[in-house]
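Below, read A as the first sequence line, B as the second, and so on, with proteins coming before strands; counting in each chain starts at 1.
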There are 2 protein chains.
Amino acid sequence: MNSETYQLDETDRRILLALDNDPRVPIMMLAQQLGLARGTVQTRLERLAHSGALRPNTARILPSSMGRGVSAFVSAELNQSSLNEAIDALRRIPEVLECVAPAGETDLLIRVSATDPDDLYRVSEEIRLCPGITRTSTSMILRDVIPYRTTALLSKLSGTKN
Amino acid sequence: MNSETYQLDETDRRILLALDNDPRVPIMMLAQQLGLARGTVQTRLERLAHSGALRPNTARILPSSMGRGVSAFVSAELNQSSLNEAIDALRRIPEVLECVAPAGETDLLIRVSATDPDDLYRVSEEIRLCPGITRTSTSMILRDVIPYRTTALLSKLSGTKN
DNA sequence: GGCATGGCTGGTCATTTTGACTAAAATCCT
DNA sequence: AGGATTTTAGTCAAAATGACCAGCCATGCC
């Protein structure tokens, strides 16, 4: 179910783009707006929901609306042997919004959010204390220049066979 | 409309958490599941939609489902005077999914996605050629350890006054 | 060529949901 | 305490939903 990710086709993309503003528009509106039969849209929506191609809905929530006005990237080096413990520990910190493993010197790049600089300090301390983490370096995000988006990619793909 | 971000309250958070799996559940189900009146949920949903607290729906789409299996962070240094031109140029590259300005040596941290390493090279070239960008350094994301989430934060807040 | 498959269409049906609107009760704020 | 705001619980007509269906058209396979 997770081995090969579901690939969106042109119709999926059109539906998703049409849902961009309001994910709750009635299926019939979608259908006529896209020139599809209602049943088709209904089927696609159902399929999409189970496809694993979408993050959970709460991934749409901006940290700032939860009183977390301060964001930062924490890069961490770690004791390679205890990677999994470190990840588990990180997962248990609510302020850890995201974590990736990049190639290069830093082993983990962690995105955190906090209420204020003081709180940010607390969170990065908490990260530093995770088992297996040997060194961290925090850099605050000064500005959210382009917020996460896929719209441009979606549109680019549109008009292509696949 | 953008100066002060809307702050979610406890009810908003409960609604959003309940919507996490399926953003299209009927309002009545939500209402009875949460022990609220239908009208309340209806009002909150409408308010939420206009609050600016949520990213567009397409932000839920995983790049992998668009045939973009390769992700990377590109850090860029730039000629400070032409910041805005650089940003505009970046915005016009569909593969640029996100961009933040962190404190520290790198001026911009850019998240990109590509179909394969070759394509990634092409994209980073395209970034390097943006006006005002003087130097870039690309590091591929080997693993998506914790995908973007706010659920933990939402739950943490629950049970608090605000 | 002939056939099965899968997806889309356009139609039906009974049931449920929606949006808009009440008035009254509860809650919040100062 | 008093006013403002929110929530409740109720109504209504109109619309959407989910679950069907048979027909049609591509596609791929033997």
Side-chain angles (χ1 to χ4, degrees), chain A residues 1 3-54 56-58 60-61 65-67 115 154-155 157-162, chain B residues 1 3-54 56-58 60-62 64-67 154 157-162:
Chain A
M1 196 207 262
S3 50
E4 198 151 302
T5 22
Y6 176 74
Q7 292 299 312
L8 304 174
D9 69 4
E10 174 67 17
T11 308
D12 291 321
R13 289 191 294 258
R14 292 214 301 142
I15 292 178
L16 287 168
L17 278 173
L19 279 176
D20 210 5
N21 311 308
D22 178 10
R24 293 186 61 96
V25 286
I27 300 184
M28 296 187 61
M29 309 242 110
L30 275 187
Q32 68 184 73
Q33 180 183 333
L34 299 177
L36 295 174
R38 187 178 73 101
T40 309
V41 180
Q42 193 169 325
T43 312
R44 306 300 280 236
L45 278 180
E46 187 135 350
R47 192 202 300 176
L48 275 172
H50 300 315
S51 67
L54 300 177
N57 191 247
T58 45
R60 292 178 56 202
I61 303 174
S65 66
M66 293 185 292
T115 57
L154 270 190
S155 310
L157 264 46
S158 284
T160 316
K161 297 185 208 305
N162 214 353
Chain B
M1 196 209 263
S3 49
E4 198 152 304
T5 23
Y6 176 74
Q7 291 300 311
L8 304 175
D9 69 5
E10 173 68 17
T11 308
D12 290 323
R13 289 192 294 257
R14 291 212 303 140
I15 293 177
L16 286 168
L17 278 173
L19 239 34
D20 210 5
N21 310 308
D22 177 11
R24 293 187 62 96
V25 286
I27 300 184
M28 295 188 64
M29 309 244 108
L30 275 188
Q32 68 184 74
Q33 180 183 333
L34 299 176
L36 296 172
R38 184 179 77 104
T40 308
V41 180
Q42 192 169 326
T43 312
R44 306 301 279 239
L45 277 181
E46 188 135 349
R47 192 202 299 174
L48 276 172
H50 301 315
S51 67
L54 301 177
N57 191 248
T58 46
R60 292 179 57 203
I61 303 175
L62 298 169
S64 55
S65 66
M66 294 185 292
L154 271 189
L157 265 47
S158 285
T160 315
K161 295 186 211 303
N162 215 355

Among residues 36-48 of chain A, which contact DNA chain D at a heavy-atom distance under 4.0 Å?
-> A/R38, A/Q42

What residues form a side-chain hydrogen bond (donor to acceptor under 3.5 Å, both in side chains) with B/T43, not counting sequence neighbours?
-> none

Hey, where on DNA chain D does chain A first and last touch, going 5' to 3'? Cut-off is any atom under 4.0 Å from a heavy atom.
-> D/dA16 to D/dA19

By nearest-heavy-atom nucleotide on DNA chain C, the more 5' of A/G35 and A/P26 is A/G35

To the nearest 0.5 Å, how far apart are CZ in B/R14 and CG in B/L19?
-> 13.0 Å

What are the two closest heavy atoms between B/Y6 and B/A53, and how far apart are they?
-> CD2-CB, 4.3 Å

For residues 39-48 of chain A, the salt bridge (Lys or Arg N to Asp or Glu O under 4.0 Å) pairs (sequence neighbours left out) are A/D9-A/R44, A/D12-A/R44

Return the minimal non-hydrogen interatomic distance between B/S65 and B/I61, and the atom names on each side.
-> OG-CG2, 3.6 Å

Looking only at atom types and distance, does a side-chain atom of A/R24 sit under 3.5 Å from a main-chain N or O of B/P23, one as donor and one as acceptor?
-> yes

Side-chain polar contacts of residues 27-42 of chain A - donor-acceptor pairs under 3.5 angstrom, sequence neighbours left out - could you list them?
unit_1	atom_1	unit_2	atom_2	d
A/R38	NH1	A/Q42	OE1	3.3

With a 4.0 Å cut-off (strictly under) to non-hydrogen atoms of chain B, the first and last hit nts on DNA chain C, 5' to 3', are C/dT17 to C/dA20

Not counting sequence neighbours, which residues clear side-chain contact (heavy atoms from CB on, under 4.5 Å) with B/D20? List them please.
-> A/P56, A/N57, A/T58, B/T151

Hey, does B/L62 have a side-chain heavy atom less than 4.5 Å from the side chain of A/T5?
-> no

Does the pair B/M66 and A/L16 meet the rule for a side chain to side chain contact (heavy atoms under 4.5 Å, CB included), with working shown?
-> CA-CA 12 Å; B/M66 294 185 292; A/L16 287 168; over 6 Å; no

For A/N21, the side-chain contact (heavy atoms from CB on, under 4.5 Å) test, sequence neighbours excluded, returns none

Find the bend of the helix from C/dG1-D/dC30 to C/dT30-D/dA1 as the angle between its two terminal axes (five pairs each), to the nearest 10°.
-> 70°

